[in-house]
Structures are given as C-alpha cells and as structure tokens.
Amino acid sequence: MITTRHLKCLYIVSKQMRLLSTTAYTHINVGVKGEKQNIGYIQLNRPKALNALCDGLMHEVSKAMDEFEADSQIGAIVLTGSEKAFAAGADIKEMVDKSFKDCFTTNFLSHWDRVSRSLKPVIAAVNGYALGGGCELALMCDIVYAGDNAKFGQPEILIGTIPGAGGTQRLAKVIGKSRTMEMVLTGQQITAQDAANWGIVSKVFPTDKVVEEAIKLGERISKNSKIINAICKESVNNAYETTLKQGLATEKRLFHSTFATNDRSEGMKAFTEKRAANFKDE
Ligand code: CAA
C-alpha cells in the first residue's frame, strides 16, 4: 500500500532527480554539455532560413528553457546558432501577410521574453548574423560571447518596421542613444569587435572556439550557489529597469536576503576555514 510517507519520499526523490526531456524539437537542438553535464545547451537549427525566428522556434526555446530551469542539476544555459548565423531575425515570411489587427489582438512577440526571465544564467554564443530579433535575443541573455565573424544589427527599418523585441530599449541601455539611433535608423551591421567595444559583447573568440568558451564560462558560474546566482542576476537586471536610488535599495535588500540561505553561511565559513565552499543550492 502506498502511504503518505511513500508519496513524500517519491516527491523528494523526483525533485532531486534529473528531469530528462521527452520533448521532440523541430527547430532547435537541445542537450546538456560540460564535464559534469550541467550546462543546458540550446542550438537554433533552421540552417536554410539562417535560423530565422519563426513562432514555432521561439515556442521551442521557451519549452527548453522551462525544462532546464526545472532540472536541478543545470547551473547555466548556453544559447547558440550556427557558424553562419546566430539568427537573422524574426521570420519575415511568417510576418509578411500579418495585419495590425493580427499583431495587436494576439500580442505578437509577447512570448519572446522567456530567455530574459530565466533564473539561471544564460550565455549567448554568437557566430555569424545576429540581426533584428537575433540581436534582440542575444541582448536578452546575461552574457554575450561572440565569434570574430559575428555581425550584429537591427535592420528592421529596411523592411518598413522597427525592432519589436527590445532593440530600441535593451540596446539603448547598453550602447546609448546615438549609437542605437544610428543602428536602428540605418540598419547597418556592426562587427563583433565593435559590439565588444560598445558593451554588447563581453569577449570575442575565434569562430570555432566561442561555443566551447561559453560552455567553460557556464561551468565556472555553475560552481557557485544556484540560488545566489539567481539573486545576483535579479539585482543586476534591476539596474536596467529602475532608478539608481531604487536599484541600490533593492540591491541592499537582496544582499540581506542572501543571509537567509545556507549557502551564504557555508561560503563565508569555508573562507574562514581556508577550504573550498560546498554549496547545496539552499
Ligand atoms: N526571415 C525569413 N527568412 C530569412 C530571414 C528572415 N529574417 N533571413 C534570411 N532568410 C532566408 C532567406 O529568405 C533565404 O531563404 P531562401 O533560400 O528560401 O530564399 C535564406 O534565409 C538565405 O538568406 P539569403 O539568401 O538572403 O542569404 P544572404 O547570405 O544573401 O544574406 C542576410 C544574409 C543579410 C542575413 C539576409 O538574409 C537578410 O538580410 N535577412 C533578413 C534580416 C532582417 O531583416 N532581419 C530582421 C527581421 S524583422 C525582426 O527581427 C523584427 C523583430 O524585432 C523581432
């Protein structure tokens, strides 16, 4: 007979167990990477369309993000495309016949923000084109690594529209008004090096090394406490959404909140005892 105690045990075991995906993906490849297989890996995979972000692809990215967030072993997520294209933007062929009413009544693109809401650190590994929605998707990630062949741009103006997933907002916060205006009003593409100089990208690597480096970075971040990583992310993201005064006050409270975790206690004890911290993510 199954008792409440059995159910409780089952719950605890299933919480600790790895959630192995049974989802079949069409437009993306999903897996785990890294020595400890603790890095979630999402590769956009519509090569014939330069990874144009069709609706189905963006739903799959959301689904994969949900799965990685629910998997207690995953410490960070790497999002990448191919060597030719991270993503060439929203799928223009899917948009061409849409009316204002279609967009407005379905709140078109509203589900695109899943990556920006991740509690786990997300690293974009960008090679080739990151244009329109592709550039915006990279900007939703926490850290962007680029291959030296990467090209960033917001070319929507050239097809009679404007960026609709953060290209006039996140980009402006990162690179400032004048550079954003120039990019969105001309549709010009910028190089990986310019993107690094302007703060879109944190590091540039040879094309064939960028994914590997992003995974290594994910592994390094995953050694920290997952709960403290999430609190830290929340505080940095807050800097983009509020005033300095409010941001500093929230940071202070979030800092205080780390003192409610065992990992904060373990981290500081480990320092005083001159040993490595053993974080339990609690
Ligand atoms: N949507 C749909 N299909 C796309 C696409 C897109 N955004 N970008 C490329 N493709 C398709 C092309 O139509 C082509 O398909 P076919 O072989 O069936 O014709 C295939 O990918 C290869 O593309 P090209 O032949 O154009 O390749 P290229 O090397 O000559 O040029 C490129 C590459 C400069 C990236 C060019 O494809 C291009 O300009 N793409 C569109 C970029 C763009 O405007 N992006 C913004 C989209 S709007 C948006 O993203 C809104 C938002 O804010 C969310």
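We count ligands from 1, going down the list as the structure has it; atoms in each ligand are counted the same way.
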Is there a protein heavy atom at a distance of less than 4.0 Å from atom 39 (O) of ligand 1? no
Check the pair D148 / T207 against side-chain hydrogen bond (donor to acceptor under 3.5 Å, both in side chains), numbers first and verdict last. CA-CA 6 Å; D148 48 20; T207 301; 3.0 Å; yes
Who pairs with E219 by salt bridge (charged side-chain N to carboxylate O under 4.0 Å, His left out), at least two apart in sequence or on another chain? none
Go through ligand 1 atom by atom and flag the ones less than 4.0 Å from a non-hydrogen atom of A49. 4 (C), 9 (C), 10 (N), 11 (C), 21 (O)
Does NZ or CZ of K33 come closer than 6.0 Å to the centre of the six-membered ring of Y41, within 45° of the ring's axis? yes
To the nearest 0.5 Å, tell me how far E60 CD sits from S62 OG. 10.0 Å
Where does the angle between the aromatic ring planes of H111 and H59 fall among parallel (under 30°), tilted (30 to 60°) and perpendicular (over 60°)? parallel
For atom 36 (C) of ligand 1, state whether the nearest protein heavy atom is under 4.0 Å away. no
Given G133, G153, P155, which one has a non-hydrogen atom that is nearest to atom 50 (O) of ligand 1? G133
For A52, which part has a heavy atom under 4.0 Å from ligand 1: side chain, backbone, both, or neither? side chain
Say whether, by atom type as modelled, one donor and one acceptor occur between the side chain of N149 and the main chain of G128 under 3.5 angstrom. yes
Tell me: protein heavy atom nearest atom 8 (N) of ligand 1, and distance? A88 CB, 3.5 Å
Heavy atoms only: which of F108, W112, Y129 is nearest to atom 32 (C) of ligand 1? Y129
Can you check whether K280's main-chain N or O pairs, donor with acceptor, with D263's side chain at less than 3.5 Å? yes
Among Q154, E156, K84, closest by any non-hydrogen atom to atom 29 (O) of ligand 1: K84
Is there a side-chain contact between Q246 and N238 (heavy atoms, below 4.5 Å)? no
For E94, state whether at least one heavy atom is located under 4.0 Å from any atom of ligand 1. no
Check whether E156 reaches the backbone of T161 with its side chain - one donor and one acceptor, N or O, closer than 3.5 Å. no
Option set A130, A90, G128, G164, criterion heavy-atom distance to atom 7 (N) of ligand 1, minimum: A90
For K48, the atoms of ligand 1 under 4.0 Å from one of its heavy atoms are 15 (O), 20 (C), 21 (O)
Is P163 in contact with ligand 1, taking contact as a heavy-atom separation below 4.0 Å? yes
Looking only at protein heavy atoms, which one is nearest to atom 27 (O) of ligand 1, and what is the separation? L50 CD1, 3.8 Å
Could E69 and R114 be called an ion pair, given the rule that one side-chain N must be under 4.0 Å from one carboxylate O? yes
Does some non-hydrogen atom of the protein lie less than 4.0 angstrom from atom 16 (P) of ligand 1? yes
Considering the heavy atoms of L131, write down every atom of ligand 1 situated less than 4.0 Å from one of them. 35 (C)
List for me each residue that meets salt bridge (charged side-chain N to carboxylate O under 4.0 Å, His left out) alongside D102, sequence neighbours excluded, and say none if there are none. none
A student checking ligand 1 against G132 at a 4.0 Å heavy-atom cut-off should list atoms 46 (C), 50 (O)
Check whether any protein heavy atom sits under 4.0 Å from atom 1 (N) of ligand 1. yes
Hey, does the Lys NZ or Arg CZ of K98 hover above the aromatic six-ring of F108, less than 6.0 Å from the centre and inside 45° of the axis? yes
Nearest to atom 12 (C) of ligand 1 by heavy atom, M95, E136, K93: which? K93
When you compare ligand 1 with L109, is there at least one nitrogen or oxygen pair between them that comes in under 3.5 angstrom? no
